[in-house]
Amino acid sequence: MKKTTSPQRPLSPHLQVYKPQITSVLSIMHRLSGAGLAFGLFILIAWLACLSHSEQAFLAFQDLFSGFIGKTILVLCLSGFYYHLANGIRHLMWDAGYGFEMTTTTKSGWFVVVFTFILTFLTWIGL
Amino acid sequence: MSNHTTSHFNTSTSTNPKELGSAKEGVHHWMGQRISAIGLIPSGILLLLWLLAHGTCTYAEITTSLSSPWISTLLFFFVSVVCYHAYLGIQVIIEDYAHSAFCRYWLIIITKFFALILPILTLFFLIKIMLKVI
């Protein structure tokens, strides 16, 4: 099979010129939060592993995540969960056929953002 | 008697994207993503509420609660469905950003292995906890 090497062609600017909008930003955030949650899943499994091992392991895990960095990681993971959950439901509404009008999409988008911020704030003060 | 079987998928061996046309399959992936999402909404929220309720509990209290068949099922269900949902999502991300066919192929396979191993691990961790509490 002959492999053809294409010459390096210039790419027209996209990210540098396209104005960020509620639709595009929330879309990439959905992907980012999803990927981040895949990472956060390992933290959940590690927590379960420590619980199944011994009380010392569990207390060590708690200590590890009680510091500032640990708490920040937890809040970020939970924040990603709140966002992905809310925007995921927004996606499911589209899949069912509802909410495609620009006004509705904009409103539901801002609702997702506000929802995420409120729950993240509550989590931050609660942890 | 006809031995003829039709392939419903694109079995072309061509690597030229201009010749390939539609893949003719992919709805299963789309459906699986949505159905797993629907299952994850209640189980994820319930799990979150459980974690909230047991955040400040002692080791004994947490392990006792986890050894309940209802909480164990909730956690195992959530992890299993999340692994499936995450696998589908990560697959799409890999397909979008991994440019070499070799990397795409093997990264997706590695992701599949993780998606299979994590629920099994979770089950054994839960069994171990139950055995501690009994």
Side-chain angles (χ1 to χ4, degrees), chain A residues 1-4 6 27-28 30-62 65-66 71 74 77-97 119 122-123 126-127, chain B residues 13-16 30-31 33-38 40-42 44-45 47-48 51-52 54-60 62-63 65-67 72 75-76 78-79 82-83 85-90 92-94 96-97 111 114-115 117-119 121-133:
Chain A
M1 230 177 305
K2 193 172 125 186
K3 189 180 173 201
T4 48
S6 49
S27 177
I28 191 64
H30 197 72
R31 177 171 275 201
L32 232 143
S33 60
L37 284 170
F39 165 77
L41 180 63
F42 284 97
I43 300 180
L44 184 72
I45 305 296
W47 168 84
L48 197 63
C50 289
L51 269 171
S52 76
H53 186 270
S54 63
E55 182 158 12
Q56 295 95 297
F58 171 70
L59 290 171
F61 182 93
Q62 261 193 332
F65 281 95
S66 58
K71 272 195 192 179
L74 281 180
C77 287
L78 284 168
S79 182
F81 179 73
Y82 303 141
Y83 175 82
H84 200 83
L85 174 67
N87 201 229
I89 294 176
R90 184 165 167 251
H91 263 285
L92 287 172
M93 297 305 288
W94 287 330
D95 292 334
L119 282 185
L122 290 173
T123 307
L127 263 184
Chain B
T13 50
S14 162
T15 51
N16 182 357
W30 189 90
M31 265 316 234
Q33 192 70 298
R34 271 73 184 165
I35 302 293
S36 57
I38 290 171
L40 286 172
I41 294 172
I45 292 176
L47 190 65
L48 196 68
L51 283 168
L52 249 154
H54 292 78
T56 50
C57 282
T58 62
Y59 178 78
I62 296 179
T63 48
S65 180
L66 265 179
S67 61
S72 289
L75 186 61
F76 185 60
F78 178 78
V79 170
V82 129
C83 282
H85 186 87
Y87 164 74
L88 292 176
I90 300 290
V92 176
I93 292 178
I94 291 170
D96 276 355
Y97 300 131
T111 312
F114 272 109
I117 290 175
L118 288 181
L121 253 182
T122 303
L123 184 62
F124 283 127
F125 287 145
L126 285 169
I127 291 175
K128 218 177 160 204
I129 291 171
M130 277 186 198
L131 291 172
K132 273 189 203 280
V133 175

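By convention in this document, chain letters (A, B, ...) are assigned in the order of the sequence lines, proteins followed by strands, and residues within each chain are numbered from 1.
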Novice: Heavy-atom cut-off 4.5 Å, strictly under: side chain, backbone, both or neither for B:Leu48 against chain A?
Specialist: side chain
Novice: Heavy-atom pairs under 4.5 Å with chain B - which of A:Thr123, A:Leu59, A:Leu41 has more of them than the others?
Specialist: A:Leu41
Novice: If I measure from the heavy atoms of chain A, does B:Leu51 come under 4.5 Å with its side chain, its backbone, both, or neither?
Specialist: side chain
Novice: Using a 4.5 Å heavy-atom cutoff, which residues in residues 32-40 of chain A come close to chain B?
Specialist: A:Ala35, A:Ala38
Novice: Do B:Asp96 and A:Arg31 have side chains that approach each other closer than 4.5 Å (heavy atoms only, starting at C-beta)?
Specialist: yes
Novice: Considering only heavy atoms and a distance below 4.5 Å, find which of B:Ile62, B:Leu40, B:Thr63 pairs most often with chain A.
Specialist: B:Ile62
Novice: One pair to check against side-chain contact (heavy atoms from CB on, under 4.5 Å): B:Ile41 and A:Leu92. What are the steps and the verdict?
Specialist: CA-CA 11 Å; B:Ile41 294 172; A:Leu92 287 172; 3.9 Å; yes
Novice: Relative to chain B, which segment of A:Leu127 carries a heavy atom at a distance below 4.5 Å: side chain, backbone, both, or neither?
Specialist: neither
Novice: Checking B:Tyr59 side chain against A:Leu51 main chain: does a donor-acceptor pair fall under 3.5 Å?
Specialist: yes
Novice: Pick whichever of A:Ile45, A:Asp95, A:Leu85 has the most heavy-atom pairs under 4.5 Å with chain B.
Specialist: A:Asp95
Novice: Between B:Ile127 and chain A, with a heavy-atom cut-off of 4.5 Å, which part of the residue counts as in contact: side chain, backbone, both or neither?
Specialist: neither
Novice: Nearest 0.5 Å, what's the NE2-NE2 distance between B:His85 and A:His84?
Specialist: 4.0 Å
Novice: Below 4.5 Å from any heavy atom of chain A, which atoms of B:Phe114 appear? Answer side chain, backbone, both or neither.
Specialist: side chain
Novice: Heavy-atom count around A:His53 NE2 within 6.0 Å, excluding the residue itself: above 12?
Specialist: no
Novice: For the backbone of A:Ala49 and the side chain of B:Lys128, can you confirm whether one donor and one acceptor N or O come within less than 3.5 Å of each other?
Specialist: no
Novice: Which region of A:Tyr82, side chain (C-beta onward) or backbone (N, CA, C, O), has a non-hydrogen atom less than 4.5 Å from a non-hydrogen atom of chain B, or is it both or neither?
Specialist: side chain
Novice: CG of B:Leu66 to CG of A:Leu48: how many Å apart, nearest 0.5 Å?
Specialist: 6.5 Å
Novice: Given heavy-atom pairs under 4.5 angstrom as the criterion, report whether the side chain, backbone, both or neither of B:Leu75 touches chain A.
Specialist: side chain
